[in-house]
Amino acid sequence: MIPIINEQINDFLISLPNVSDDQVEFIKEKCATTVTDDLKKGHATSNVCMIAASILKRSPRDLAEELVSNLKDSNAFEKVESAGPGFINVTFKREDFVSIINYINLNPKDFGTAKHGKNKSIQIEFVSANPTGPLHVGHGRGAAYGDAIGRILTSSGYKVEKEYYINDAGRQIDILTASVYVKLNSDAFMEFFPKNAYKGSYIEDIAQAFKQKNTPSTLKDASLYIKDLPSDEEKEIDELIVRMKELDSSQWFEVKDFALNSVLDSIKEDLSLFNVGFDHWFYESSLGNLADSGSKISLAIQTLKDKKLAFEENGAIWLDTSDSGDDKNRVLIRDDGRPTYFASDVAYHKNKIDRGFDKLINVWGADHHGYIKRIEASMNGLGFDKNRLDVQLVQFANLFKEGKKVKMSTRSGDFYSLKDLIQDIGTDAARFYYLSKQADQHLDFDLDLATSDSKENMFYYIQYAHARIFSLLNKYKANNNHMPSSADSISNGSYRQCDKLIHEISRYPSVVRRASTSLHPHLIIFYLKDLAHTFHSFYNDNPVLTESQENLNSIILCLDAVKSVISNGLELLGIEPMEKM
RNA sequence: GCCUUCUUAGUUAAAUGGAUAUAACAGAUCCCUCCUAAGGAUUAGUUGCAGGUUCGAUUCCUGCAGAGGGCGCCA
């Protein structure tokens with residue numbers, strides 16, 4: 001019905017004296033016709049008169065009165081009135097108001113989907129955790145968020161590709177390899193373990209698995225590796241890595257491949273348990289080496305040099321970021337000839353651009369926010385409009401258990417992993433909790449609250465509503481063999497207890513739309529909470545199964561629609577609705 | 001110092017520039033002879049400060065005060 005109102009508003013605007021087409025377009029762009037927040041105001045409301053008034057220099061109330069009389073003349077609505085400072089409130093004819101029940105039940109899965117994405121392609125890059133250890137609870141938030149916006153954008157008509165960028169080329173992989181290497185030869189190395197190596201128990205697991213599948217070479221002389229290592233922890237590990245590569249090259253690369261793949265496999269397994277899927281895994285190593293002038297990384301830097309955006313100074317190659325508001329220029333290639341992490345990232349983003357996406361979304365940890373300007377600078381330099389890149393920052397999550405903050409130390413290997421979280425509270429409760437707060441805000445993840453069965457925990461509150469409806473529908477079907485065919489009592493207005501529910505479900509498509517344009521999945525959660533509340537309230541006031549058969553038929557059809565909306569909403573968050581609790 | 005995010009009820013959180021700022025928890029009081037009380041109903045209480053833009057500001061702009069995060073030729 002809202003499109004019909006908008007059509008009439010359009011006609012009204014055109015009919016006004018002294019209005020240019022541009023003005024009409026501008027007004028239509030700024031105004032909105034929406035479902036009201038309260039049935040007392042009718043079913044739909046528009047602020048068009050107040051927008052138009054300020055542009056046309058007329059009184060909003062006068063305009064509202066004119067529009068009201070036009071809308072009344074059309075006989076399309078039950079009631080039309082102006083209200084407050086110049087709102088137009090429309091009450092639909094009852095048959096139109098309740099038609100949404102039928103509409104939803106005919107195609108339950110489609111309700112809430114939209115086409116405003118126009119099949120444009122969006123790439124979402126998220127998680128992209130370094131493959132040096134298992135995912136922890138911080139990664140879980142990015143995973144839940146990226147996956148949810150992927151689902152929401154897909155349902156809004158975008159073509160979405162989800163990608164994971166694997167940092168498999170940097171120094172941290174060498175450290176991982178060295179850590180495993182030392183474990184493999186722990187007998188020869190005696191008590192020695194580098195200060196800066198990874199210490200988690202998974203390192204030991206990888207070493208054990210390696211021994212099962214390969215024959216580790218025997219070290220002839222461990223002292224060649226560890227004699228006179230620098231005492232500085234950074235230099236110690238770097239020197240050790242150099243020696244390992246020299247002394248035992250073939251074994252080094254075997255261990256490296258094995259360790260990387262082991263960690264990657266565990267990451268993939270955790271993500272799959274978490275109901276998060278990726279379409280594409282991009283390896284940093286596929287960008288190639290600077291030594292190869294035809295590699296992606298060389299070509300990217302060459303392009304920047306050609307455009308005079310990259311230059312040499314003090315022996316290093318720098319990117320000029322002055323145009324983007326970054327506070328200083330950034331090194332691409334060090335004075336010793338090795339590329340920085342940033343250089344890889346520039347090449348990676350050039351590759352994304354070359355793949356021709358209409359829009360790129362990067363979901364990054366909040367600690368990367370200083371990084372946005374330099375990457376925008378590089379993209380602008382490569383001729384990609386930086387407005388087509390959208391960086392969504394996800395804040396860290398603090399974990400609380402029994403009211404106390406759980407300490408996490410990656411260095412010692414003592415941390416609460418995503419897998420632990422899934423095992424403790426389940427995938428759905430965890431995803432829900434992550435998504436229940438705006439992603440760029442700090443989140444206190446309270447394990448006890450996430451599993452509590454009180455109203456404070458929205459997850460169970462919403463699921464309980466779904467389960468209650470499911471149970472009612474089952475009982476109805478047991479008594480009646482099949483679902484009712486029509487909702488006469490509701491249509492003819494003899495039963496009006498469901499009106500609030502009908503009104504609430506008619507809001508759903510606009511909620512999804514807002515969630516998709518703002519990339520805010522939590523809006524769906526808060527909507528579902530409201531809907532669940534409306535339902536629980538109805539359920540308490542009205543003993544459904546003892547109603548007359550005619551009323552019962554209507555109620556069942558209405559509740560079936562409510563159930564579809566809850567289930568569709570949860571689906572967008574990647575959460576399975578519960579059928580019983 | 002520079003960049004950035006944030007400040008809403010006693011607490012934790014919501015709110016495309018809209019009407020009376022919305023919930024939950026904690027507090028007070030009610031509701032199971034009944035479809036799942038993991039629920040419902042009633043009650044009290046809120047936009048850090050000072051300006052500006054606007055018909056209208058929690059929302060946009062400026063300044064101030066306070067809190068967090070980021071500022072490597074690390075990844």
Side-chain angles (χ1 to χ4, degrees), chain A residues 30-32 34 36-38 40-41 45 47 49-51 53-54 57-61 83-87 89 130 132 167 169-173 175 234 284 314-318 325-328 330-345 365-373 393 395-396 436-438 440-444 446 449 452-461 463-465 467-472 474-476 510-511 513-515 517-518 520 522-523 525-527 529-530 532-533 535-547 578 580-581:
Chain A
K30 275 194 83 177
C31 76
T34 54
T36 58
D37 57 354
D38 189 336
K40 286 180 198 138
K41 296 173 186 167
T45 184
N47 60 355
C49 297
M50 289 176 298
I51 308 286
S54 66
K57 306 288 174 219
R58 292 190 49 187
S59 146
R61 302 236 28 164
F87 290 100
N89 291 343
N130 281 339
T132 53
N167 296 111
R171 171 174 175 259
Q172 79 282 5
I173 296 298
I175 298 179
E234 301 282 344
E284 180 186 0
N314 299 333
I317 306 290
W318 298 71
D326 198 4
D327 52 347
K328 51 186 158 186
R330 303 291 170 175
V331 173
L332 288 164
I333 303 176
R334 299 180 180 93
D335 54 10
D336 64 7
R338 292 176 307 138
T340 60
Y341 173 80
F342 178 49
S344 299
D345 236 11
D367 55 331
H368 278 64
H369 97 79
Y371 205 76
I372 296 175
K373 279 183 176 160
L393 295 179
Q395 281 286 352
F396 294 118
S436 65
K437 198 173 170 185
Q438 214 168 314
D440 63 355
Q441 306 283 330
H442 290 275
L443 174 74
D444 288 336
D446 185 333
L449 175 56
S452 81
D453 48 7
S454 70
K455 191 174 179 183
E456 205 178 345
N457 182 1
M458 290 188 284
F459 177 67
Y460 279 99
Y461 186 73
Q463 292 283 21
Y464 188 34
R468 274 179 152 177
I469 297 177
F470 191 83
S471 158
L472 284 178
N474 269 349
K475 287 187 170 137
Y476 178 91
S510 66
V511 171
R513 182 172 184 127
R514 266 176 57 205
T517 50
S518 62
H520 283 164
H522 74 280
L523 294 176
I525 286 190
F526 281 89
Y527 166 77
K529 187 198 69 176
D530 289 343
H533 178 252
F535 165 75
H536 285 308
S537 178
F538 167 82
Y539 183 88
N540 257 270
D541 293 344
N542 303 280
V544 174
L545 295 176
T546 53
E547 275 288 346
M578 290 184 180
K580 66 175 182 199
M581 304 186 68

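By convention in this document, chain letters (A, B, ...) are assigned in the order of the sequence lines, proteins followed by strands, and residues within each chain are numbered from 1. Predicted model, so just to flag it, every value in this text is computed and none were measured.
- Distance, A:D541 CG to B:C32 P: 14 Å, rounded to whole Å.
- Remark: B:G18 base-pairs with B:C55. Criterion, Watson-Crick or G-U wobble with two distances under 3.5 Å.
- Counting any heavy atom pair closer than 4.0 Å across all strands shown, A:N474 reaches no nucleic acid atom.
- Using a 4.5 Å heavy-atom cutoff, the side chains of A:T45 and A:T34 are in contact.
- Between the P atom of B:A23 and the OH atom of A:Y461 lies a distance of 11 Å, rounded to the nearest Å.
- A:S344 and A:E284 share a side-chain donor-acceptor pair at under 3.5 Å.
- A:D453 places its CG atom 11 Å from the C1' atom of B:A37, with the value rounded to the nearest Å.
- For B:U11 and B:U46, the C1' atoms lie 12 Å apart once the distance is rounded to whole Å.
- Nucleic acid contact class of A:S54 (heavy atoms, under 4.0 Å, all strands): base.
- Closest non-hydrogen pair, A:A316 versus A:D335, comes out as CB-N, 3.9 Å.
- Base-pair partner of B:C64: B:G48 (Watson-Crick or G-U wobble, both distances under 3.5 Å).
- Taking atom C1' in both B:G72 and B:G52, one finds a spacing of 41 Å when rounded to whole Å.
- Residue A:M581 has its side chain nearest to B:A38 when only B:G40, B:C35, B:A38 are considered.
- In this structure, the separation between CG on A:D326 and OH on A:Y371 is 11.0 Å, given to the nearest 0.5 Å.
- Residue whose closest nucleotide on RNA chain B sits further toward the 5' end, between A:L545 and A:D530: A:D530.
- Spacing of P atoms, B:G27 relative to B:G69, comes out at 33 Å, to the nearest Å.
- A:N47 contributes no side-chain N or O that, together with a main-chain N or O of A:F87, makes up a donor-acceptor pair within less than 3.5 Å.
- Between A:N540 atom CG and B:C30 atom C1' there is a gap of 13 Å when expressed in whole angstrom units.
- Nucleic acid contact class of A:A467 (heavy atoms, under 4.0 Å, all strands): base.
- Side-chain contact between A:F342 and A:L332 is present, with heavy atoms from C-beta onward closer than 4.5 Å.
- Pairing for B:A28 is with B:U42, a Watson-Crick or G-U wobble pair whose two hydrogen-bonding atom distances lie under 3.5 Å.
- Using a 4.0 Å heavy-atom cutoff across all strands shown, A:P60 reaches no nucleic acid atom at all.
- Taking atom P on both nucleotides, B:G18 is separated from B:C74 by 48 Å, rounded to a whole Å.
- Among the atoms of the strands shown, base atoms are found under 4.0 Å from some heavy atom of A:K580.
- Using a 4.0 Å cut-off, some side-chain N or O of A:K455 falls inside it from OP1 or OP2 of B:A24.
- Look at A:R468 and you won't find any side-chain N or O under 4.0 angstrom from OP1 or OP2 of B:A38.
- At whole-Å resolution of the value, OH in A:Y464 and P in B:C35 are 10 Å apart.
- Searching all strands for a Watson-Crick or G-U wobble partner of B:U8 with both distances below 3.5 Å returns nothing.
- A:L393 places a side-chain heavy atom less than 4.5 Å from the side chain of A:I372.
- Looking at heavy atoms from C-beta onward, A:H520 lies in side-chain contact with A:Q438 at the 4.5 angstrom threshold.
- A:K41 approaches A:N89 most closely through the heavy-atom pair O-CB, 3.0 Å.
- Comparing the C1' positions of B:A23 and B:A41 gives a spacing of 16 Å, expressed to the nearest Å.
- Contact record, A:Q395 with A:D440: CG-O, 3.3 Å, taken as the closest heavy-atom pair.
- The side-chain hydrogen bond (donor to acceptor under 3.5 Å, both in side chains) test applied to A:Y460 returns no partner, not counting sequence neighbours.
- When both pairing distances are held under 3.5 Å, B:U36 makes no Watson-Crick or G-U pair with any nucleotide shown.
- Straight-line distance between the P atoms of B:U7 and B:U58: roughly 14 Å, to the nearest whole Å.
- Phosphate contact (OP1/OP2 of B:U36, side-chain N/O of A:S471, threshold under 4.0 Å): present.
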Handout entry: nucleotides 70-75 of chain B: protein proximity per nucleotide (B base, S sugar-phosphate only, - neither; heavy atom, under 4.0 Å)
Key = S-SBSB
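- One atom, NE2 of A:H533, and another, C1' of B:G39, lie 10 Å apart when rounded to the nearest Å.
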Practice task
Any chance you could list the contact pattern along nucleotides 8-19 of chain B? Use B for base contacts, S for sugar-phosphate-only contacts and - for none, protein heavy atoms under 4.0 Å, 5' to 3'.
Solution key: -----SSSB-BB
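- Spacing between atom CG of A:L449 and atom P of B:A26 amounts to 12 Å, rounded to whole angstrom units.
- Closest of all the heavy-atom pairs between A:M581 and A:Y464 is SD-CA, 3.1 Å.
- Rounding to whole angstrom units, CG of residue A:N542 and P of B:G39 are separated by 19 Å.
- Across the P atoms, B:G48 and B:U59 are found 8 Å apart, a figure rounded to whole Å.
- The shortest distance between the side-chain N/O atoms of A:Y460 and the OP1/OP2 oxygens of B:A24 is not below 4.0 Å.
- In B:C25 the O4'-C1'-N dihedral to the base is more than 90° from 0, which defines an anti nucleotide.
- Rounded to a whole angstrom, the distance from the P atom of B:A14 to that of B:A24 is 16 Å.
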